[in-house]
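See structure below.
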There are 2 protein chains.
Amino acid sequence: MKPTIKDIAARSGVSIATVSRVLSQKTGTYSEKTQAKILRIAKELGYRKNTAAVELVKKRSAVIAVILNATPTNFSTGVIDGIQKRASELGQGVIILYAGNRDDQMLHKAIVTALERTVSGILLTAIEPDDADLTLLKDSGIPFCFVSLYLNQPKILSVSSNNESITSQAVDYLVEQGHTAIALAGIDGYHTGTQRITGYEAGLKAHGITTSCIKYGDYSYESGRKLLQEFLPLKVTAIITASDMIAAGILNAAQEVGIRVPEDLSLVSIDGTIICNITTPGLTSVTQDFYRIGSRSVDQVMGHDVETFVPVKIDKRGSVKQLEK
Amino acid sequence: MKPTIKDIAARSGVSIATVSRVLSQKTGTYSEKTQAKILRIAKELGYRKNTAAVELVKKRSAVIAVILNATPTNFSTGVIDGIQKRASELGQGVIILYAGNRDDQMLHKAIVTALERTVSGILLTAIEPDDADLTLLKDSGIPFCFVSLYLNQPKILSVSSNNESITSQAVDYLVEQGHTAIALAGIDGYHTGTQRITGYEAGLKAHGITTSCIKYGDYSYESGRKLLQEFLPLKVTAIITASDMIAAGILNAAQEVGIRVPEDLSLVSIDGTIICNITTPGLTSVTQDFYRIGSRSVDQVMGHDVETFVPVKIDKRGSVKQLEK
DNA sequence: TAGGGTATTGTAAACGTTTACGTAAAGTGC
DNA sequence: GCACTTTACGTAAACGTTTACAATACCCTA
């Protein structure tokens with residue numbers, strides 16, 4: 001059915017080893033005449049390498065497995081674009097394995113699938129595995145790297161924005177705009193969330209602000225809407241939100257109860273995806289460079305020397321009011 | 001390094017064939033005693049099957065390849081969730097191959113990768129391949145199915161909403177709300193776009209409306225913003241948009257020039273993703289059931305008998321004004 | 001006890017490709 | 001012309017797993 005190198009060898013009058021060398025481009029091991037003949041016949045037959053056979057023999061493949069989290073935020077496209085582009089430049093293919101949203105079983109299955117496939121590297125995108133799966137990864141001998149997440153453990157590769165810097169910059173910016181009653185909303189209790197709390201509190205302290213206010217959530221729009229209720233009795237003038245979706249949820253729920261953004265409540269959103277342009281008003285954001293994070297994580301997992309942290313920036317839109325001091 | 005069935009056989013005192021039978025669960029071909037011993041040793045050794053070896057021998061794998069388009073709209077998550085869940089129920093794994101956004105080279109590479117991997121089926125998600133790639137798929141012997149797109153060719157499997165029905169229902173709804181000057185915005189010239197034009201025009205005709213107005217775009221937010229300029233000199237009271245992103249773009253650009261939605265301009269958006277809840281006002285939508293489309297496409301590619309079309313519904317939010325007749 | 005049927009296990013080959021090593025031919029330099 | 005080096009090619013084995021077929025062991029019944 002599917003042509004093999006045996007078929008090409010038979011038609012070319014050469015051995016399967018020669019066919020293999022030509023198709024693997026082992027320069028200097030075949031003549032131009034032989035090469036031309038083999039390539040012509042391969043094309044005529046519609047030959048395609050059997051990936052399984054190659055991987056079995058080489059015990060390695062030129063494929064990076066990306067394990068993708070179905071996070072309620074929508075930054076994945078930028079990350080994937082960056083990964084795909086850089087991997088292609090380095091001669092690597094990319095397969096994506098889907099891990100659902102905080103579904104330990106799906107995550108475990110995705111990790112095992114990647115390990116079974118002798119991939120050249122594994123990128124875990126905004127995913128925090130439990131200890132058993134982390135051990136599995138470490139013991140596999142396959143390089144892996146966290147993307148848009150880091151664990152504060154040395155020896156574990158990662159590429160991300162600096163979560164402490166994200167929130168401390170947001171605090172700096174809001175203080176600069178005259179705000180002193182600043183909350184942090186929608187983060188969770190995992191590493192990313194705790195790192196952002198650290199930066200938030202350090203930012204408040206640096207400005208001599210002694211009152212902090214933190215509300216947990218799950219990064220989703222619905223979570224944002226619910227969180228607005230919790231802020232109603234509080235005297236905060238500004239909220240830093242854990243994601244664009246949290247911000248959109250707070251924004252819309254606020255407007256529904258007559259709280260105007262930015263006049264009555266200012267918002268600074270973490271991520272800075274296209275959602276920030278869609279809302280009314282547009283959301284001022286601490287914008288992450290997801291494309292570069294993705295791209296750089298490929299270099300990281302391939303063993304190149306790169307910086308862990310990708311810089312963020314403040315993008316001013318319409319959700320922050322300057323207060324009189 | 002990685003344990004093989006040879007290692008297990010040596011420790012168990014049985015042949016590799018017996019180990020293989022146990023690990024492949026060939027019931028009735030091994031004793032319970034032998035099974036228990038083999039499974040215990042496999043676990044102690046941390047054994048994992050080598051997927052490449054299995055695929056090489058069986059010439060087939062229990063994996064569905066999903067080729068994913070980076071469409072500017074964001075319905076992928078629902079589709080992927082549906083695919084992943086249904087595939088799991090049917091004992092199939094899923095790998096995702098990324099094809100960029102209308103990038104013929106990336107698409108071709110993704111298709112070739114899927115074919116090289118002896119997958120059990122290929123799902124093409126909102127992707128329209130050129131004739132050469134379509135021929136490649138047909139000649140491969142591997143079943144494939146279009147997801148959220150259909151080509152009007154018999155024998156080619158697909159699962160989608162009915163694009164003619166989408167626009168004709170949108171027209172029906174707007175006419176019911178008193179609108180007669182109705183435009184269609186943001187669709188492209190590919191199959192999906194032309195099918196939606198057909199439904200739009202049939203809907204107008206059915207209501208005796210003789211003036212149609214169609215503006216092409218690329219489903220993106222930026223495209224939507226630009227399109228609003230083209231509508232300024234026209235006397236339309238309502239626009240059906242090709243995607244939620246187009247709608248958001250038109251909505252925001254309109255508000256920036258003093259056109260109020262829905263008072264001055266009504267919008268009905270195709271897709272109905274979470275974006276419709278985020279905008280202000282919320283967008284009335286023809287909502288597609290992406291989860292069910294994904295789920296059903298798995299049944300389709302696995303050879304089960306399913307309906308091609310998944311029903312849509314109108315979700316009323318805040319973007320359509322009822323006009324006086 | 002002998003015979004028949006079923007369960008259990010082992011041997012050998014297959015799957016498609018890569019590559020180490022050996023051999024032959026061609027090319028280069030003295 | 002000879003010796004050495006490089007190019008080109010072939011043979012054989014490897015990779016890890018599956019499975020057809022043969023052999024053996026076990027169980028049940030007459």
Side-chain angles (χ1 to χ4, degrees), chain A residues 1-39 41-42 45-63 112-113 115-120 140-141, chain B residues 1-39 41-42 45-63 112-113 115-120 140-141:
Chain A
M1 169 112 262
K2 282 173 65 174
T4 71
I5 62 172
K6 286 180 197 168
D7 303 312
I8 298 175
R11 288 189 178 219
S12 308
V14 299
S15 72
I16 59 173
T18 302
V19 174
S20 182
R21 280 190 292 262
V22 168
L23 296 178
S24 301
Q25 298 173 336
K26 305 284 183 184
T27 314
T29 70
Y30 48 80
S31 67
E32 286 189 21
K33 179 182 163 195
T34 300
Q35 177 191 37
K37 179 165 55 169
I38 288 171
L39 291 181
I41 290 169
L45 291 178
Y47 171 80
R48 272 188 305 272
K49 282 198 185 186
N50 181 319
T51 303
V54 175
E55 288 176 4
L56 178 58
V57 168
K58 297 182 74 166
K59 298 190 174 194
R60 184 107 296 186
S61 67
V63 171
V112 170
T113 298
L115 296 180
E116 285 174 348
R117 285 198 172 275
T118 63
V119 295
S120 56
S140 72
Chain B
M1 171 109 261
K2 286 172 65 177
T4 70
I5 63 172
K6 284 179 198 168
D7 302 312
I8 299 173
R11 287 188 179 221
S12 309
V14 299
S15 72
I16 57 172
T18 300
V19 175
S20 180
R21 279 191 290 264
V22 168
L23 295 179
S24 301
Q25 297 173 339
K26 303 285 186 187
T27 315
T29 71
Y30 47 81
S31 67
E32 285 189 20
K33 179 183 160 193
T34 301
Q35 176 189 36
K37 181 167 51 170
I38 289 172
L39 292 181
I41 291 168
L45 291 178
Y47 170 80
R48 271 188 308 271
K49 281 199 186 187
N50 181 319
T51 303
V54 176
E55 289 177 5
L56 178 59
V57 166
K58 297 182 75 166
K59 299 193 176 195
R60 183 103 302 180
S61 67
V63 172
V112 170
T113 298
L115 297 180
E116 284 174 349
R117 284 197 170 275
T118 62
V119 295
S120 55
S140 72

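A note on names: the letters A, B, ... follow the listed sequences, proteins ahead of strands, and every chain is numbered from 1. Hydrogens, waters and symmetry mates play no part in the numbers below; they use all other heavy atoms, side chains included.
- Base engagement by B/Ser20 is indicated by at least one non-hydrogen atom pair under 4.0 Å involving a base atom.
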Checklist entry - Yes or no on side chain to side chain contact (heavy atoms under 4.5 Å, CB included) for A/Arg11 and A/Leu45, after CA distance, side-chain angles and deciding distance? => result CA-CA 10 Å; A/Arg11 288 189 178 219; A/Leu45 291 178; 3.6 Å; yes
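- Inter-residue side-chain proximity for B/Thr51 and B/Val63 is flagged as unmet; no heavy-atom pair is nearer than 4.5 Å.
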Checklist entry - Please walk me through it: do A/Leu39 and A/Val22 pass side chain to side chain contact (heavy atoms under 4.5 Å, CB included)? => result CA-CA 8 Å; A/Leu39 291 181; A/Val22 168; 4.0 Å; yes
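- To the nearest 0.5 Å, atom CD of residue B/Glu116 and atom OG1 of residue B/Thr113 are 5.5 Å apart.
- Atoms NZ and OG1, on B/Lys2 and B/Thr4 in that order, are 10.5 Å from each other to the nearest 0.5 Å.
- Partners of A/Ser12 according to the side-chain hydrogen bond (donor to acceptor under 3.5 Å, both in side chains) rule, which considers only residues two or more places apart in sequence or in another chain, do not exist here.
- Going from atom NZ of B/Lys37 over to atom OG1 of B/Thr18 covers 10.0 Å, rounded to the nearest 0.5 Å.
- Protein chain B touches strand DNA chain C; the 5'-most and 3'-most nucleotides with an atom under 4.0 angstrom of its non-hydrogen atoms are C/dT8 to C/dG16.
- A heavy atom lying under 4.0 Å from DNA chain C marks the following residues of residues 23-36 of chain B, by number: B/Gly28, B/Thr29, B/Tyr30, B/Ser31, B/Thr34.
- Residues from residues 10-17 of chain A placing a heavy atom under 4.0 Å of any atom in DNA chain C, listed by number, are A/Ile16, A/Ala17.
- Residues passing the side-chain hydrogen bond (donor to acceptor under 3.5 Å, both in side chains) test with A/Thr34 are A/Ser31, sequence neighbours excluded.
- Taking A/Ser120 as the reference, A/Gln92 meet the side-chain hydrogen bond (donor to acceptor under 3.5 Å, both in side chains) condition, with sequence neighbours excluded.
- For B/Thr118, the side-chain hydrogen bond (donor to acceptor under 3.5 Å, both in side chains) test picks out no residue, with sequence neighbours left out.
- When the C1' atoms of four end pairs are superposed on the next four at each end of the helix from C/dT1-D/dA30 to C/dC30-D/dG1, using five pairs per end, the two resulting axes differ in direction by 30°, to 10°.
- Taking the side-chain contact (heavy atoms from CB on, under 4.5 Å) definition, one finds that A/Ser20 meets it with A/Ile5, A/Ser24, sequence neighbours left out.
- Shortest non-hydrogen contact noted between A/Leu56 and B/Ala52 is N-CB, 3.9 Å.
- Contact check of residues 52-62 of chain B against DNA chain C (heavy atom, cut-off under 4.0 Å) returns B/Leu56, B/Val57, B/Lys59.
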Next on the checklist: Would A/Tyr47 and A/Leu23 count as a side chain to side chain contact (heavy atoms under 4.5 Å, CB included) here? Give the steps.
Outcome noted: CA-CA 10 Å; A/Tyr47 171 80; A/Leu23 296 178; 3.4 Å; yes
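- Between B/Ile38 and B/Gln35 the shortest side-chain heavy-atom distance does not fall below 4.5 Å.
- Just one residue in the list A/Val112, A/Leu115, A/Val119 forms a side chain to side chain contact (heavy atoms under 4.5 Å, CB included) with A/Ser140, and that residue is A/Leu115.
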Checklist entry - How does each nucleotide of nucleotides 21-27 of chain D score, in 5' to 3' order, for protein heavy atoms under 4.0 Å: base (B), sugar-phosphate only (S), or none (-)? => result -------
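- Residue pairs meeting the salt bridge (Lys or Arg N to Asp or Glu O under 4.0 Å) criterion with at least one partner in residues 46-60 of chain B, sequence neighbours excluded, are A/Arg117-B/Glu55.
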